[in-house]
Amino acid sequence: MDKRAVRNNIFVMGLVLLLALITCLGAPPNWVEQAPLSDSTYYLYFGQAMEKGLVMYADIFDHKGPLLFVINYIGILISESYGVWLMGFAFMAVYYWFAFKTASLVIDSKLAVVVSAFSMIVLWGCFEKGNYADEYALPFIMYSVYVFIKYLSGKAALANYEVVLNGLCMGCTFLLRANMIGTWLCFALFIIIKMVKEKQGKQLLKLIGLFLTGFLLAVLPFVVYFLIKGYLWEAIYASLIFNFMYTGTSGNGWTEMFRWGYNFLSKYSLVLIFMLYFIITQLKKDQRYFHVCNIIYAFFAFILLCVSKRMYLHYFMVFVPCIIYPCAYIVNELTAHLPVREGAHRKYTGVVVCLALLISMNITRIYDYREVKELWAEKDNIYTEIAHEIEQNSTEQDRIYTHNLNGCIYVESNRLAATRYFALPAVNLDNFPEMKEEFLNDLKVNQPLFIVTDSSYNNMSLDVNRQLQKIIDENYYLYDHRESVKLYRRYE
């Protein structure tokens, strides 16, 4: 590799790290002191609880995959304050590197970096303060998309190690959240059709074996761990069975979900980009099968967003890898037909075109650091003050319970929950009577020192809320009351 190539790689890596840094400014650097009111604090609490010796699913319950909790656990081990942020930064850097590699399959490296920045604009709109399974799945999905596109576009054959790594990536994504593996289901079908048409049956069987090897390399360590701990069934029920039951519970209708998804894509001109990509590729009549596969993949990813029936913006993060190649392809077509001579001028003109497209993708949504600071201050310090009050008036051995308040008070007070259902899942517990009974029994038996409620969640039409209020009335007194938040302390 010559000096010019080395300098170019260093330059690209620097820009990749810059994109990752800018993206991760949307998350609080110090998660423990600035825990936001979001589901991401559930997973941070998991990491803290595991660091104190609790076992996933047995002692703490959530319906996400175990890898998400292990990532938070590793982050806590690195640094209780900044470790989780550093984990997110590392994952985003890997994502942007393979986004760049994917765009480089069709355009110059300088343009590829700018195309990678397209996705950063979209990520700003769905990052939701970070530390979600979707964020950690991005590098696994983006690497696999890069390999699949490289093969299906005829750029290179599938190397054995790439197939194994693809299986590993699917396994890791499966362990984050099982319903995010649509990328591999979709592209696997495309590759099977291609190889069957080309009568490569033996090669196909070999690839399947290599892929499954990679998948098992990711999954088996967790299976062995849960077998040793004796909680394999609890892990399967929570991360797979209950997760799909949760997805199937009541939510928004398909019409509402399609409208919501279409509006989000339209804000960033993604609908226009995919329409242009489809029209140009079909008019050129070159590699039609490959380009149709890309369109089908994007549509399939969009459908999977709507299946959840819940309008959580962070679900859009796993859609972002779909946009890299179509954006790069369109930029290549635009720069190829610009009335400038070949060489450096074309490259720089291409950069200008990319920047113009970037600005047109809704400049009002370009990152504003003050908005992030407002997100951190969203709680108006009420929950932080309550957490500090709990910390000052209890010991680390004391247990607490916060009702429907995410994991922020557990995290900031450094106290464990008195029940493994530290945060009740967003389902009607009347449909899960065993879970409701276990939760209420935990509170009666373990008797947390403090219970925190928020009046905005006190819907007494729900039986679980009525039962909780009965426990509070019989065993607790109002210790502090700040706006809508009530802090109860157990009678001694």
Side-chain angles (χ1 to χ4, degrees), residues 32-33 35-37 39 41-42 44-55 57-62 80 379-430 432-492:
V32 174
E33 293 183 6
L37 268 179
D39 288 357
T41 54
Y42 294 156
L44 187 63
Y45 171 73
F46 252 83
Q48 282 191 336
M50 289 170 65
E51 195 269 336
K52 294 179 180 180
L54 273 61
V55 179
Y57 306 116
D59 302 320
I60 34 182
F61 179 90
D62 193 84
E80 187 175 3
K379 299 172 289 184
D380 295 325
N381 292 322
I382 295 174
Y383 295 103
T384 298
E385 291 169 6
I386 290 290
H388 290 168
E389 189 169 5
I390 291 172
E391 186 177 22
Q392 293 165 6
N393 293 278
S394 63
T395 67
E396 286 195 25
Q397 287 69 43
D398 291 318
R399 299 296 183 101
I400 66 172
Y401 173 69
T402 71
H403 191 55
N404 293 332
L405 292 174
N406 304 102
C408 57
I409 292 179
Y410 297 113
V411 170
E412 293 186 359
S413 68
N414 194 28
R415 297 294 179 264
L416 294 173
T419 170
R420 73 182 184 124
Y421 302 105
F422 67 98
L424 294 175
V427 295
N428 185 350
L429 286 188
D430 290 337
F432 300 89
E434 292 182 5
M435 182 180 294
K436 181 174 72 173
E437 185 64 29
E438 182 184 352
F439 161 70
L440 293 171
N441 188 62
D442 283 346
L443 294 184
K444 292 173 184 177
V445 172
N446 298 331
Q447 294 187 325
L449 181 61
F450 287 104
I451 292 179
V452 187
T453 65
D454 190 305
S455 60
S456 61
Y457 290 98
N458 287 345
N459 180 4
M460 290 305 155
S461 64
L462 298 176
D463 181 62
V464 68
N465 285 353
R466 292 196 300 270
Q467 295 291 336
L468 173 62
Q469 192 61 49
K470 183 179 178 181
I471 292 173
I472 292 173
D473 292 340
E474 293 175 353
N475 302 284
Y476 292 81
Y477 65 94
L478 186 62
Y479 186 79
D480 197 359
H481 185 190
R482 306 191 185 197
E483 296 188 18
S484 63
V485 182
K486 293 181 179 180
L487 175 64
Y488 297 94
R489 180 164 184 151
R490 187 183 68 225
Y491 286 117
E492 297 296 343

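The figures here come from the full heavy-atom set of this structure, side chains too, leaving out hydrogens, waters and symmetry mates. The structure displayed is predicted, hence computed values, not measured ones.
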Q) Do the ring centers of Phe432 and Phe439 come within less than 6.0 Å of each other? A) no

Q: Could you pull out all residues at least two apart from Arg482 that satisfy side-chain hydrogen bond (donor to acceptor under 3.5 Å, both in side chains)?
A: Glu385, Glu389, Asp480

Q: Supply the atom-to-atom distance Ile390 CD1 to Ile400 CD1, rounded to the nearest 0.5 angstrom.
A: 4.5 Å

(Q) Looking only at the side chains, is there a donor atom on one of Asp473 and Gln469 sitting less than 3.5 Å from an acceptor on the other? (A) yes

Q: Would you please name every residue forming a side chain to side chain contact (heavy atoms under 4.5 Å, CB included) with Gln392, sequence neighbours left out?
A: His388

Q | side-chain hydrogen bond (donor to acceptor under 3.5 Å, both in side chains) involving Asp398 - partner list, sequence neighbours excluded | A | Thr395

Q: Would you please name every residue forming a ring-ring contact (aromatic ring centres under 6.0 Å, His included) with Tyr479, sequence neighbours left out?
A: Phe450

Q: Applying side chain to side chain contact (heavy atoms under 4.5 Å, CB included), name anything that partners Lys444, two or more places apart in sequence or on another chain.
A: Ile471

(Q) Suppose we screen for side-chain hydrogen bond (donor to acceptor under 3.5 Å, both in side chains). Which residues come up paired with Asn446, at least two apart in sequence or across chains? (A) none

Q. side-chain hydrogen bond (donor to acceptor under 3.5 Å, both in side chains) with Gln467: which residues, sequence neighbours excluded?
A. none

Q: Nearest 0.5 Å please: distance from the OH atom of Tyr488 over to the CG atom of Leu468.
A: 9.0 Å

Q) Which residues satisfy the ring-ring contact (aromatic ring centres under 6.0 Å, His included) test with Phe46, sequence neighbours excluded? A) Phe69, Phe422

Q | Any pair counted as salt bridge (Lys or Arg N to Asp or Glu O under 4.0 Å), so long as it reaches residues 432-441, sequence neighbours left out | A | Arg420-Glu438, Asp430-Lys436, Lys436-Asp463

Q: Might you confirm whether atom NZ of Lys470 has over 12 heavy atoms from other residues, nucleotides or ligands at distances under 6.0 Å?
A: no

Q: Mind checking the NE2-CG spacing from His403 to Asn465? Nearest 0.5 Å is all I need.
A: 4.0 Å

